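For the numbers below, each heavy atom of this structure counts, side chains included, while hydrogens, waters and symmetry mates do not. Predicted model, so just to flag it, every value in this text is computed and none were measured.
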Amino acid sequence: MEHNKKKLFQCLGLSLLVVFIGLASGIILSATPLGNTLNNSDIAAQTVNTLSRVLMSVFLIFIVKKLYGLKIGFQKENLGKGIFIYGILIVFVTVFQVVSNYQTPDLTLGKAMPIILLYLLFNLAIGLFEEVLCRGVLFNAFRKYYGESRKGIYLATFISSFVFGSLHLINLIGNSGIIVATIAQVIYATLFGVLFCVIYYRSGNLLSCIILHGVFDLTDVFWKCFSNNRMQLIEISNSTDLSFVEAGIIILICSSFLISALVQLRKEFDS
């Protein structure tokens, strides 16, 4: 137990260090001439952000595998099952998001496609980094510490998901006007995290979570990619706070993820 406790704190420390490095490098970069260039070009900005998240993910995977013996779980096995059975609720909500966020396009699909692909890669990179960090590293670290019992899996699931949700408080840095939206995001990201843990636990395949995570995040900007003013629209969206009613509705919808996760875990342990 003491050995597992040491490894747990090492993984927690490593995770916080990677997040801090990523945050600090972003702040430093924004103060340089290159940062000004990136602010004026979403293509350049998303390319740099994508590469940085991929590099941080590769670093995390290498370190936890070599130093702590954690196996993340990237394979083809159970990929479809993880997405379309264990994660089917996220698929439905993703489709709902695309339909409900519809905006009259300024650009044809052909002209918008390069931008859509760019943002898809960027959001998949976000999914890669966050899933490696919170499910691959933290969830597995808590699993090793608490064990594979029913209680152990529940603790690992909820604690790692709470950490995942809490990390979104970072969004308040430099943008303190979105307090309600950020608190709502902390809550619904935690609920998302619980279901992602269950998908990962049942499928053993982190790729399922990465794909679901990345494609779902894309829905927030999908229709903006068809606009001539996409940068302005994205900036307005990122800096506009939610009302309490809007936040409540989002949290209520996302509570279905928690229900799905609990039902799946119960089925897994009762089988």
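- Here the side chains of Val215 and Asn123 are not in contact, with every heavy-atom distance at 4.5 Å or above.
- Looking at heavy atoms from C-beta onward, Gln185 lies in side-chain contact with Tyr188 at the 4.5 angstrom threshold.
- When hydrophobic clusters are built by joining Ile, Leu, Val, Met, Phe, Trp and Tyr residues whose side-chain heavy atoms come closer than 4.5 Å, directly or via intermediates, Val263 is not grouped with Leu212.
- Atom CZ of Phe9 sits in a sparse spot, with 12 or fewer heavy atoms from other residues, nucleotides or ligands closer than 6.0 Å.
- The environment of Phe269 atom CZ is dense: over 12 non-hydrogen atoms of other residues, nucleotides or ligands sit within 6.0 angstrom.
- Across every non-hydrogen atom of Ser161 and Gly193, the tightest pair is OG-C, 3.0 Å.
- Counting non-hydrogen atoms of other residues, nucleotides and ligands closer than 6.0 Å to CZ of Phe62 gives a total of 12 or fewer.
- If you chain together hydrophobic residues whose side chains sit under 4.5 Å apart, Ile27 and Val18 fall into the same group.
- At least one donor-acceptor pair closer than 3.5 Å links the side chain of Asp241 to the backbone N or O of Val180.
- Side-chain contact between Ile90 and Phe196 is present, with at least one heavy-atom pair separated by less than 4.5 Å.
- Nearest heavy atom pair, residue Cys209 against residue Ile199, reads SG-CG2, 3.9 Å.
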- Message: Under the criterion side chain to side chain contact (heavy atoms under 4.5 Å, CB included), I'd like the reasoning laid out for Arg135 against Phe164: C-alpha separation, chi angles, the key distance, then a yes or no.
- Response: CA-CA 9 Å; Arg135 258 59 71 182; Phe164 170 62; 3.7 Å; yes

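- The minimum heavy-atom distance between Thr50 and Phe122, with the atom names listed, is OG1-CA, 3.1 Å.
- Residue pairs meeting the side chain to side chain donor-acceptor pair (under 3.5 Å) criterion with at least one member in residues 67-81, sequence neighbours excluded, do not occur.
- Contact of the Leu233 side chain with the Gln103 side chain is registered, since non-hydrogen atoms from C-beta on lie closer than 4.5 Å.
- For the pair Ser52/Ser25, no side-chain contact is recorded, criterion being any heavy-atom separation below 4.5 Å from C-beta on.
- Val58 and Leu128 end up in the same hydrophobic cluster when Ile, Leu, Val, Met, Phe, Trp and Tyr side chains are linked at under 4.5 Å.
- Looking only at side-chain heavy atoms (C-beta outward), Glu235 and Met231 stay at 4.5 Å or farther from each other.
- Side-chain contact between Tyr119 and Gln46 is present, with at least one heavy-atom pair separated by less than 4.5 Å.
- Judged by distance alone, with hydrogens and angles left aside, the side-chain atoms of Glu131 form no donor-acceptor pair with the main-chain N or O of Leu206 at under 3.5 Å.
- Ile21 and Leu14 fall into different hydrophobic clusters, where Ile, Leu, Val, Met, Phe, Trp and Tyr are joined by side-chain heavy atoms under 4.5 Å apart, directly or via other members.
- Scanning both residues, Phe192 and Cys254, for their nearest heavy atoms gives CE1-SG, 4.1 Å.
- The shortest distance between side-chain heavy atoms of Arg53 and Ile126 falls below 4.5 Å.
- A donor-acceptor pair is defined here as one N or O able to donate and one able to accept, closer than 3.5 Å; such a pair exists between the side chain of Thr190 and the backbone of Val186.
- Leu23 and Leu17 are not part of a single hydrophobic cluster, where members link through side-chain heavy atoms under 4.5 Å apart.
- In this structure, Cys225 and Ile115 approach most closely via the heavy-atom pair SG-CG2, 3.8 Å.
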- Message: Set out, in order, the CA-CA distance, both residues' side-chain angles and the distance that settles side chain to side chain contact (heavy atoms under 4.5 Å, CB included) for Leu70 and Lys144, then state yes or no.
- Response: CA-CA 9 Å; Leu70 290 179; Lys144 279 184 172 290; 3.1 Å; yes

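- In this structure, Arg150 pairs ionically with Asp270, as a charged nitrogen and a carboxylate oxygen lie closer than 4.0 Å.
- The heavy-atom pair separating Phe226 from Pro105 by the smallest distance is CB-CB, 3.6 Å.
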